[in-house]
Amino acid sequence: MSVNTLSIDGKMVTGTTGETVFDVAWNNGVRIPRLCHVGGVSDVGACRLCLVEVEGQSRLVASCRTAVQEGMVVRTDTPRLQAHRRLIVELLFAERNHVCAVCVQNGNCELQDLAASLGVDHVRLRYRYPKLPVDTSHERFGIDHNRCVLCTRCIRVCDEVEGAHTWDLRGRGTHALLIADFGDPWGQSESCTSCGKCVQVCPTGALFTKGKSVAEMQKDRRFLKYIVTAREKHEWIR
Amino acid sequence: MTDRILINPVTRIEGHAKVSIHLDGAGGVRTAQFHVAEFRGFEKLCEGRPFAEMPGLMSRICGICPVSHVLASAKAGDAILGVRIPVAAERQRRLMNYAQALQSHALSYFHLSAPDLLLGMDADPARRHLFGLAELDADFVRRGIRLRQFGQRVIEILGGKRIHPTWTVPGGVLKVVTTAERDEIAGWLPEAHATVRLALDRFRAILDGFRDEAAHIGNFSSLHMGLVNEAGELDLYDGRLRIVDGEGNVVADGLDPRRYHTFLAEATEPWSYMKFPYYKPMGYPAGMFRVGPLARLNVVKAMGTPLADRELREFRQRRGVVRNESFLYHQARLVEMLHCVERIEELLGEPELYSGQVRVNAGQNAREGIGYSEAPRGTLFHHYEVDDDGLIVRANLLIATAQNNLAINRAVEQTARRYVDNGRLREGMLNRVEAAVRCYDPCLSCSTHALGQMPFVVELFDDQGNLLDRAQRR
Ligand code: SF4
Ligand code: SF4
């Protein structure tokens with residue numbers, strides 16, 4: 001395994017071949033914003049928030065899908081990147097219905113935190129106000145498509161960690177919708193084991209525990225680290 | 001010729017409304033109407049949402065009395081879960097409700113009504129507001145503001161937030177009251193007692209000066225409705241409904257609020273977004289009833305706390321058990337404030353308030369839930385129907401101000417007859433029409449919150465819609 005030296009925001013850091021710019025940056029205290037990334041499952045580069053500038057390339061790249069290379073010069077927080085990230089978050093808000101004040105996740109939401117940290121104090125785009133369903137047919141959990149940002153964290157954790165592959169996406173673009181099995185009500189899904197992993201990794205109020213009231217939902221992702229450590233290192237530690 | 005006087009918007013009430021007075025050919029008043037030109041469609045908004053979200057969503061209806069909506073909503077949720085909540089949760093909800101009534105009444109009395117009452121209805125409008133009053137008696141105003149602050153502080157302590165607390169949920173509440181919190185609340189009580197006392201004394205002192213207003217601002221016989229407990233005492237959180245008529249005869253007693261649709265119905269009029277509820281057995285509009293502080297004082301056997309009971313006896317001393325003067329809503333509010341302070345003190349001393357379990361967990365066990373409580377302005381009902389997955393299919397809210405709609409209209413008309421002559425736009429008259437409305441402390445939509453004077457336009461039209469006269473103040 002060869003070691004590569006690169007510069008991230010002017011800081012000289014090292015990463016082994018195959019590691020992503022995103023992981024190396026975070027390991028070195030550079031907190032690149034992200035929404036679809038969640039430690040322990042594969043990266044897909046869906047949200048584009050982790051875009052970075054690489055010297056010598058005119059195109060911006062998703063750092064979670066870019067392997068480190070010797071001599072790379074990476075910038076993670078330029079005005080151009082900040083503008084892009086702001087716009088991405090605004091697009092997410094405009095695309096569906098986010099009414100934080102009455103959301104189960106209010107105060108504990110990654111999208112909300114992101115908006116705050118990027119200084120999104122208003123949205124310059126026209127809201128689409130789509131009419132989207134809420135599915136509470138599952139005995140313990142519910143999904144509110146109004147608050148889904150299509151990050152696919154739930155799909156990946158269900159597939160890669162639980163092994164059930166209950167969730168998937170249907171449609172493209174603004175028509176994309178998360179579905180259980182073949183588009184059945186979640187409560188009728190044959191593959192769902194009711195483990196709740198998807199609920200815990202969901203960054204927003206889209207997946208929630210039934211019965212939770214406004215601002216009451218808190219996600220606990222410690223299980224993921226536990227399982228991944230156990231699987232990779234055969235160490236069962238909390 | 002038919003003329004129309006338009007008072008728009010009515011100031012120093014919560015929300016937006018206007019009053020139009022239709023004159024007959026001779027310049028006398030033909031009819032008067034209180035319009036609500038606002039439509040919020042909250043019920044529609046709830047459809048398709050999980051019922052557990054309702055308390056949080058409903059608290060957004062109103063920034064003045066969110067607690068009432070939260071409580072009625074949580075109680076409807078309890079019914080859908082099919083549970084009885086832990087006693088500590090019930091005590092906490094009661095405590096919150098008293099704090100809520102206290103702060104809302106304090107706002108109504110000190111901020112909105114006291115300028116008229118203490119400076120006089122014919123005082124210069126440029127000075128007849130809270131700040132004008134403060135120039136005259138800064139201590140009184142400061143005390144009033146502090147009293148409201150006390151109520152809000154209790155709400156903040158229990159709910160974690162002053163304006164839109166979401167501390168209560170179907171099945172109970174979210175956290176236990178600590179002794180430190182108890183001590184802070186208790187620390188406010190002596191001052192609160194003193195302020196309410198002072199306000200009551202002031203009101204009694206000016207009452208005689210308002211004999212004319214009391215007699216002509218909405219003094220009419222009607223039904224009165226409110227919740228009472230098993231002993232027939234005032235109950236703001238639970239109990240059964242009692243209805244008495246304008247002479248004090250009990251028309252109905254022990255009514256189950258959950259069956260409200262069997263004895264209350266709503267009529268609509270093309271000129272108002274607000275419906276006109278009435279007591280079904282007596283038909284529309286004869287079944288006009290009033291709710292809120294005055295109605296509650298009229299239906300109860302006693303307040304249930306010693307000091308407030310002494311006030312109630314005095315209140316009734318002059319003319320029988322039932323008082324029909326809308327003007328006395330102000331006094332009723334003060335008596336209730338005293339009651340709230342007493343009850344808060346009582347509740348703080350109850351060990352049940354601090355017992356551990358505050359929430360029960362259950363799944364959905366019913367398709368329908370009806371919650372109710374006495375809001376500051378009167379009885380409030382939340383009625384939800386849910387599907388098998390707990391999503392709201394239909395929501396119906398019956399709010400206190402709507403229940404007073406018929407009475408408010410009657411009060412406005414009566415006042416107009418007395419104070420409008422020859423279609424003249426006189427300041428004192430206009431303010432009395434407003435004051436008639438303000439007796440009911442109507443909360444029309446809830447988001448607007450007119451402190452002091454708002455722009456106020458009066459227009460006089462003939463039957464062709466031509467503007468005859470116009471007066472405006474800022
Ligand atoms: S999911 Fe997050 S951003 Fe969306 S409404 Fe809920 S709290 Fe707000
Ligand atoms: S439900 Fe949650 S985790 Fe799944 S795609 Fe939507 S936002 Fe992401």
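Lettering follows sequence order; numbering is per chain, from 1.
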| message | Does anything in residues 175-211 of chain A reach chain B? List residues with heavy atoms under 4.5 Å apart, or say none. | response | A:F208, A:K210, A:G211

| Over 12 foreign heavy atoms within 6.0 Å of CZ, A:R31 | yes

| field | Residue B:K175 excluded, over 12 heavy atoms near NZ under 6.0 Å | value | yes

| message | A quick test of your reading: do over 12 heavy atoms of other residues, nucleotides or ligands sit less than 6.0 Å from CZ of A:R140? | response | yes

| query | For the side chain to side chain contact (heavy atoms under 4.5 Å, CB included) test, which of A:V134, A:T136, A:V102 pairs with B:R49? | reply | A:V134

| request: Decide if atom CZ of B:R84 counts as having more than 12 heavy atoms of other residues, nucleotides or ligands within a radius under 6.0 Å. | output: no

| With side chains defined as the heavy atoms from C-beta onward, is the minimum distance between B:V169 and A:K212 less than 4.5 Å? | no

| field | Interatomic distance, A:S213 atom OG to B:M54 atom CE [nearest 0.5 angstrom] | value | 9.5 Å

| said: Given heavy-atom pairs under 4.5 angstrom as the criterion, report whether the side chain, backbone, both or neither of A:D135 touches chain B. | reply: neither

| message | How long is the straight-line distance from CD of B:E53 back to CG of A:D144, given to the nearest 0.5 Å? | response | 6.5 Å

| said: For B:E368, is the CD atom crowded, meaning more than 12 foreign heavy atoms sit under 6.0 Å from it? | reply: yes

| query | For B:P170, is it the side chain, the backbone, both, or neither that has a heavy atom closer than 4.5 Å to a heavy atom of chain A? | reply | neither

| message | Using heavy-atom distances under 4.5 Å, tell me whether B:L81 contacts chain A through its side chain, its backbone, both, or neither. | response | neither

| note | So, the part of A:E216 with a heavy atom under 4.5 Å from chain B: the answer is side chain

